[in-house]
Every structure is written in C-alpha cells, then in structure tokens.
Number of protein chains: 2
Amino acid sequence: MTRGLTARQAQVLEFIQDFTHGNGYPPTVREVAANFGFRSPRAAHDHMKALEKKGYMRSRAGRPRALEILQSRRGIPLLGKIAAGKPILAVEDAEEVLGLEPNFFGQGRFFALRVRGDSMIEDHIAEGDLVILKAQADARSGEVAAVLLGDEVTLKRVVPGKKGVELKASNPAVKDILVSPSDDPPRVLGVMVGLVRKN
Amino acid sequence: MTRGLTARQAQVLEFIQDFTHGNGYPPTVREVAANFGFRSPRAAHDHMKALEKKGYMRSRAGRPRALEILQSRRGIPLLGKIAAGKPILAVEDAEEVLGLEPNFFGQGRFFALRVRGDSMIEDHIAEGDLVILKAQADARSGEVAAVLLGDEVTLKRVVPGKKGVELKASNPAVKDILVSPSDDPPRVLGVMVGLVRKN
DNA sequence: CCTCCGACTAGACCTGCGTATAGTAAAAGT
DNA sequence: ACTTTTACTATACGCAGGTCTAGTCGGAGG
C-alpha cells in the first residue's frame with residue numbers, strides 16, 4: 001500500500017484523484033461521504049484530514065472543494081539509475097517526471113528510461129530518446145523490454161528459446177546475449193509502449 | 001482570438017485555466033472577480049456564463065468551484081489534413097489533442113503531425129510517429145521542418161542554397177526536391193522539436 | 001484489563017459562494 | 001436615433017458545504 005496509509009485512506013485518496021481527473025474539479029467532503037455511503041460528512045472529513053497530515057493533499061480551510069492532491073502519482077517518472085534488485089518505480093526516486101496526462105500511453109503503471117548507446121537503432125530508438133515502459137515483470141516473445149542484468153538495466157528485444165532467453169539488440173554491431181536457464185534469469189522491469197524524443 | 005470570444009472573456013478563460021492548473025482546483029466566482037479587480041461578483045459571473053454558453057466550460061449550478069474547462073487549449077493539437085494556404089493551427093481543427101503539459105517541449109506554439117512514409121527514416125523518424133513541431137514560418141539551415149508544397153505538407157530537412165531551397169529527405173531512396181527561386185517559395189509551417197511514438 | 005486508534009453516526013453552526021434583482025455607462029451594430 | 005451588447009457596480013438571498021461537539025463500536029497494543 002501507499003506509504004503509511006490505511007486501506008480506507010488509500011481508497012479515499014484514490015476516489016479523490018479519480019473524481020478530480022474525471023470532473024476537472026475536486027469533490028466536496030459530502031461527495032466523498034456519499035461515494036462511500038457514509039451517513040455523516042464527518043467520516044469523510046476525518047480521512048481527508050489524515051491524508052492532509054500525511055502530506056498527500058493540501059486544502060484551504062473553510063473553502064469548498066479547495067483541495068489539491070500532492071505527490072500526484074500521475075505523470076511518468078524518468079528513472080535515472082536503477083539500483084540492482086530493488087523494485088524501484090516510485091515517483092519519489094524520479095530524476096524528473098514527464099508531464100503527460102495519465103493514460104496517455106494506456107492503462108497501467110509506467111516509467112521512462114533514457115536510452116544510452118545505439119543498440120536499438122534499427123528500431124529507430126536513438127541515443128537520448130526517452131523510452132516509455134509499462135511496468136510489468138514479463139514480456140511476450142519479441143517485445144522490447146527493459147531488463148535487469150546483474151545490476152545494469154538494458155533495453156533489449158526479449159525472445160525466449162530452447163537454450164534460454166535471448167536478449168537481442170537491433171544493431172548488427174552489437175551481439176545478442178543468451179541467458180541460459182542455469183544462469184540467474186533476466187528480470188523484466190517493463191515493456192516498451194512508446195517513445196518520446198526531445199530535440 | 002479564440003473563436004467568438006471577446007478580449008475580456010478570453011482573459012477570464014485564461015485566468016481560470018491558469019488558476020486551475022496552478023492550484024489543482026478551479027477558482028470561485030469571487031476569486032475571478034478579485035483577480036480582475038471587479039467590485040461585484042456579478043461581473044465575473046456574467047463572463048463565466050458567457051464562456052459556458054459558448055461551450056468553453058461547464059459548471060454545476062449552485063455548486064461552488066464546480067467548473068470544468070472544456071477545449072482546454074493546453075496540449076498539442078494533432079493536425080490531420082492541413083488545407084492549402086490557410087494558417088490553420090487552431091485547436092478546433094485538431095484531430096486529437098495530445099495530453100502533454102504546456103512547455104513540455106519548451107515555450108511557444110506547437111502542433112503535431114503524423115508521419116506518413118519513411119522518407120526521414122535515417123533520422124529515426126518512422127511511419128506512424130507523431131512529430132512535434134514548433135509553429136514558426138522560417139527554418140534555419142539543416143533543421144527538419146514541416147513544409148507546405150502546393151497543397152501538401154511534407155517533413156523535410158531544409159537547406160537553402162544558391163540554386164534555391166533544397167528539401168532533403170533522409171532516405172537515399174527518396175529524391176530531394178529543389179525549389180528554385182522562380183517557383184513559389186516553400187512555406188515553412190514549423191520546425192521539429194520532438195517526437196512521440198505510441199506503440 | 002484498560003487504553004488508544006481507526007472508522008464511523010448524529011446533529012448543528014455559520015460562512016463562503018452561486019445567483020438574483022436592479023441599475024449605470026460606453027461601444028457597436030442596424 | 002435606436003436598440004443591443006459588453007462591461008461593469010451595489011446589495012442581498014439562501015443554501016451548500018467546511019467544520020465543530022458529542023458520541024458508539026470494534027480491533028490492536030501494552
């Protein structure tokens with residue numbers, strides 16, 4: 001769960017985020033209460049105060065609907081160095097957050113990596129490009145994915161075969177990597193769903 | 001100016017957009033009034049009603065701060081067919097609006113075009129990619145630009161020379177175009193500042 | 001066992017804010 | 001010349017909605 005939130009508080013936060021995104025403005029205390037079936041606005045108000053104390057939102061006292069969600073969890077974090085073994089996809093660790101609207105690349109959790117080198121050049125993925133990846137632990141055959149190999153992240157085309165998983169570059173000058181079943185299996189961090197290039 | 005809006009209405013709309021973007025929630029009628037120095041909330045309310053009637057925003061009667069900006073004018077319009085000769089960069093003509101935050105690609109007015117064909121493939125601009133262009137009427141030598149030739153828009157590298165302006169593709173299979181000074185000069189619509197690829 | 005905390009109900013206070021009524025004044029159509 | 005539109009001021013009504021006081025109930029911790 002999100003850091004230090006009770007299940008109920010996380011639900012409330014999520015509702016507020018969805019409502020705000022869907023309507024263009026945040027809900028009132030009573031609208032939150034109604035959504036959860038609370039008979040008293042006090043219940044919703046308490047949760048919202050808790051969320052505020054924990055730094056998830058800010059509000060202006062006495063002003064209806066005047067609440068802002070902080071730590072938006074929206075937008076796509078551009079991750080710099082990914083530490084080995086750790087499942088670090090939190091926005092807090094982002095070098096930068098790309099200001100794309102949620103669902104720009106579909107549904108799910110996304111992150112971005114800056115391409116170093118030209119190993120995927122024949123797929124027209126050039127050095128400096130930002131590759132957008134959907135966070136998931138497995139890739140279908142032939143998909144381009146960010147793979148954790150030892151303590152380095154590389155972008156490769158993943159092709160499982162009889163002799164193990166093959167990690168193919170799309171540059172003839174770069175040789176493919178074969179991870180045999182006896183080795184540590186390659187860990188897929190996410191599959192490529194898009195690309196952003198800023199000149 | 002934006003379609004059918006008076007100068008004042010456009011100012012009000014812009015303020016509401018900025019306020020909403022900056023605070024995470026829309027302003028009240030009185031906050032709009034205060035921003036413009038109106039002594040009566042009525043003045044702001046009238047403008048907001050006018051904006052609503054013209055389809056720029058929607059609001060829920062009686063509910064404080066419950067207004068949603070439609071036709072956001074934020075984001076980058078993806079233009080489909082660009083009619084010949086007309087300076088059409090308005091959001092209204094957009095096939096789709098890319099949900100990027102303003103200034104994602106810097107300051108200025110931007111639009112997007114979907115790449116057809118692979119004439120720029122060696123610059124790793126592939127078919128189906130969305131090229132982001134900054135709207136301006138001139139390109140420096142060597143820049144990739146959207147150029148209006150006759151009544152078609154093409155993406156080419158612009159290189160002015162003695163014999164006229166050369167429009168170079170980055171695909172050896174596609175021959176360059178030379179626009180000699182006696183011809184109609186090519187009209188630059190914008191220069192490329194980025195690229196977005198959605199798989 | 002007792003106390004704390006989370007998650008609520010019930011009811012009420014009071015003010016912020018949308019909205020209405022009634023104007024004024026200048027610019028722009030027609 | 002007249003109506004219409006734009007752009008406001010002044011004042012007020014009434015209710016939506018933030019917030020308060022005063023509780024209940026169950027589960028976790030010491």
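Below, chain A is the first sequence line, B the second, and so on; all start at residue 1.
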> In whole Å, what is the span from the CZ atom of F36(B) to the P atom of dA7(D)?
Replying inline: 11 Å
>> What is the separation between atom CD on Q11(B) and atom P on dT6(D), rounded to the nearest whole Å?
In response: 15 Å
> Using a cut-off of 4.0 Å on non-hydrogen atoms, how would the nucleic acid contact of R30(B) be classed: base, sugar-phosphate, or nothing?
Replying inline: base
>> Checking contacts here: which listed nucleotide (dA12(D), dA7(D), dT9(D)) is nearest the side-chain heavy atoms of R39(B)?
In response: dT9(D)
> Does R197(A) come within less than 4.0 Å of D129(B), counting only side-chain N to carboxylate O?
Replying inline: no
> When you match S40(A) and R60(B) each to their closest nucleotide on DNA chain D, which lands nearer the 5' end?
Replying inline: R60(B)
> When you look at CZ of R60(B), are more than 12 heavy atoms from neighbouring residues, nucleotides or ligands closer to it than 6.0 Å?
Replying inline: yes
> Think H47(A) has a side-chain N or O under 4.0 angstrom from the OP1 or OP2 of dA7(C)?
Replying inline: yes
> Rounded to the Å, how far apart are F19(A) CZ and dG17(D) C1'?
Replying inline: 13 Å
> Could you state the CZ-P distance from F38(A) to dG6(C), rounded to the nearest angstrom?
Replying inline: 14 Å
> What's the closest nucleotide to the T6(B) side chain, out of dA7(C), dT19(D), dA7(D)?
Replying inline: dA7(D)
> What's the CD-C1' distance between E52(B) and dG18(C), to the nearest Å?
Replying inline: 12 Å
> Rounded to the Å, how far apart are Q9(B) CD and dT6(D) P?
Replying inline: 7 Å
> What does A61(A) touch in the nucleic acid at a heavy-atom separation under 4.0 angstrom: a base, only the sugar-phosphate, or nothing?
Replying inline: sugar-phosphate
>> Does a side-chain N or O of R63(A) approach OP1 or OP2 of dT19(D) to a distance below 4.0 Å, or not?
In response: no
> In whole angstrom, what separates D46(A)'s CG from dC5(C)'s C1'?
Replying inline: 12 Å
>> If you compare every side-chain N and O of H45(A) against the phosphate oxygens of dT19(D) (OP1, OP2), does one of them come in below 4.0 Å?
In response: yes
> Does K198(B) make a cation-pi contact with F104(A), if we ask for NZ or CZ under 6.0 Å from the ring centre and within 45° of the axis?
Replying inline: yes
> R8(B) has a side chain; which of dA12(C), dT9(D), dA7(D) sits nearest to it?
Replying inline: dA7(D)
>> Please confirm whether the shortest side-chain N or O distance from K49(B) to OP1 or OP2 of dA7(D) is below 4.0 Å.
In response: no
> Base, sugar-phosphate alone, or nothing: which one does R42(A) contact when heavy atoms must sit under 4.0 Å apart?
Replying inline: base
> Is any side-chain N of the basic residue among R140(B) and E143(B) closer than 4.0 Å to the acidic one's carboxylate O?
Replying inline: yes
> How long is the line joining CE of M48(A) and P of dA7(C), in whole Å?
Replying inline: 15 Å
> Please walk me through it: do E166(A) and K156(A) pass salt bridge (Lys or Arg N to Asp or Glu O under 4.0 Å)?
Replying inline: CA-CA 9 Å; E166(A) 214 172 354; K156(A) 287 274 154 50; over 6 Å; no
